[in-house]
Amino acid sequence: MTRAYIPGIIAMAAIVVASNILVQFLFGNWLTWGAFTYPLAFLVTDIMNRVYGAQAARRVVLAGFVVGVICSLIGTQITGEFGPLVTLRIAVGSAIAFLTAQLLDVAVFSALRNGAWWRAPLASTIIGSTVDTALFFTIAFSARLTFLEPGNDVSWAGEVLPVLGVGPVAPLWVSLAVADWGVKLALALIALIPFRALTARLAPAT
C-alpha cells in the first residue's frame, strides 16, 4: 500500500518545488506566481486522505515538508538583488505554516469525511488555507517579530497603505496576505472539480 502513496508524494514535492521557484516572480502588485501553485498542495492532501486515509495524507504532508525545508536551505545560499532569496524568517514562517496548515487540513477532513462529498475538502482547505496565510505572513513580515531575525530589514513590508489599494490602511504585508488568501479561497472552490473527478476514479479508503 505504501507504494501507492508515491504519486501523491511526487505531486506534493513538485508543487512545493514549483511554488518555491515561482514565488520569486511577481504577478501584479500583491501576488507572486507561486500563489497559484501552492494551494494545490491542499488538493493533493485531500485526495490522499479520501482515497488512502489520514495516515497516508500525513505521510505525504511530511514528505512535502522535508522538500520545503530543502528548498529553503538552498534559497538561503542564493543571493538575489536584495540579499538571500530566502531569509530565516521566510524559511521559518514557510515551514511552520505548511506543516501546521496541512496537518490541520488532514484533521478537519477526517472529522468531516462521512458528510457530503464536498464538505470535507472545502472546509478543510478553507480552514487550512486561512491558518497557512495568517502564520506565514505574520512570522515572515510582522514588525512585532523582528527579534526573530534582527539583521533582516523588512521595514518595506510595514509601509502603511490602503489594503489592496482600496481598503482601510494597514501594513503592506496585510495586503499581500489578503490577496494570497483570496487566491486560496478561489482555488479551494475550483479544486472541488478535480477532487471529485480523481477520487471517483480511485477506490476510497475503507
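The closest side-chain heavy-atom distance from V178 to V174 is below 4.5 Å. L62 is listed as a side-chain neighbour of L99, based on a closest heavy-atom distance under 4.5 Å. A heavy-atom distance below 4.5 Å is not found between the side chains of F36 and L22. Between Q24 and T32, every side-chain heavy-atom pair lies at or beyond the 4.5 Å cut-off. Considering only heavy atoms from C-beta on, F98 stays 4.5 Å or farther from F136 through its side chain. For the pair V166/P162, no side-chain contact is recorded, criterion being any heavy-atom separation below 4.5 Å from C-beta on. Contact of the I15 side chain with the S19 side chain is registered, since non-hydrogen atoms from C-beta on lie closer than 4.5 Å. V17 has its side chain within reach of C71: a pair of non-hydrogen atoms, C-beta onward, lies under 4.5 Å apart.
The cluster map of Ile, Leu, Val, Met, Phe, Trp and Tyr, joined by side-chain heavy atoms under 4.5 Å apart, puts F195 and L187 in the same cluster. Put simply, V69 and V16 are part of the same group of oily side chains (I, L, V, M, F, W, Y) that touch within less than 4.5 Å, one to the next. Using a 4.5 Å cut-off between side-chain heavy atoms of Ile, Leu, Val, Met, Phe, Trp and Tyr, with links allowed through other members, L88 and F141 fall into different hydrophobic clusters. When hydrophobic clusters are built by joining Ile, Leu, Val, Met, Phe, Trp and Tyr residues whose side-chain heavy atoms come closer than 4.5 Å, directly or via intermediates, I127 is not grouped with I47. Under the 4.5 Å side-chain heavy-atom criterion for ILVMFWY residues, a single connected hydrophobic cluster contains both L103 and F109.
For T37 (side chain) and G34 (main-chain N/O), a donor-acceptor pair under 3.5 Å exists by modelled atom type. Between the side chain of R50 and the backbone N or O of R113 there is at least one donor-acceptor pair closer than 3.5 Å. With E159 contributing its side chain and L172 its backbone, the two residues share no donor-acceptor pair below 3.5 Å. Panel note: side chain R89, backbone N152; no donor-acceptor pair is recorded below 3.5 Å.
Looking only at atom types and distance, the side chain of T45 has no donor-acceptor partner in the side chain of D105 under 3.5 Å away. Judged purely by distance below 3.5 Å, without hydrogens or angles, the side chains of Y38 and D132 pair a donor atom with an acceptor atom.
The two residues A57 and V106 have their closest heavy-atom pair at CB-CG2, 3.9 Å. A140 and V154 get closest at one heavy-atom pair: O-CG1, 4.1 Å. In terms of heavy atoms, P150 sits closest to L148 at CD-C, 3.9 Å. Closest approach of I9 to A63, counting heavy atoms only: CG2-CB, 3.8 Å. Shortest non-hydrogen contact noted between V60 and Y5 is CG2-O, 4.4 Å. For T133 against A177, the heavy-atom pair with the smallest separation is CG2-O, 3.4 Å.
Between L112 atom CG and L122 atom CG the span is 10.0 Å, to the nearest 0.5 Å. Taken to the nearest 0.5 Å, the CZ atom of R59 stands 9.5 Å off from the CE atom of M48. The line from CG of N49 to CD of Q102 is 11.0 Å long, rounded to the nearest 0.5 Å. Note that the CG atom of L31 and the CZ atom of F25 stand 15.5 Å from one another [nearest 0.5 Å]. Taken from OG in S129 to CG in D180, the straight-line distance is 8.5 Å, to the nearest 0.5 Å. Atom-to-atom distance recorded for L73:CG and I78:CD1 is 11.5 Å, nearest 0.5 angstrom.
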For this session: Please lay out, stage by stage, how V169 and L161 fare under the test side chain to side chain contact (heavy atoms under 4.5 Å, CB included).
Result: CA-CA 5 Å; V169 295; L161 299 167; over 6 Å; no
Practice prompt. Could you walk me through whether T125 and L43 pass side chain to side chain contact (heavy atoms under 4.5 Å, CB included), step by step?
Written response: CA-CA 8 Å; T125 298; L43 173 61; over 6 Å; no
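Residues meeting the side chain to side chain donor-acceptor pair (under 3.5 Å) test with W181, sequence neighbours left out: T130.
A cation-pi arrangement is absent between R196 and W118, since the terminal nitrogen or guanidinium carbon is not both under 6.0 Å from the aromatic centre and inside a 45° cone about the axis.
Taking the six-membered ring wherever Trp is involved, the centroid distance between the rings of F27 and W33 falls below 6.0 Å.
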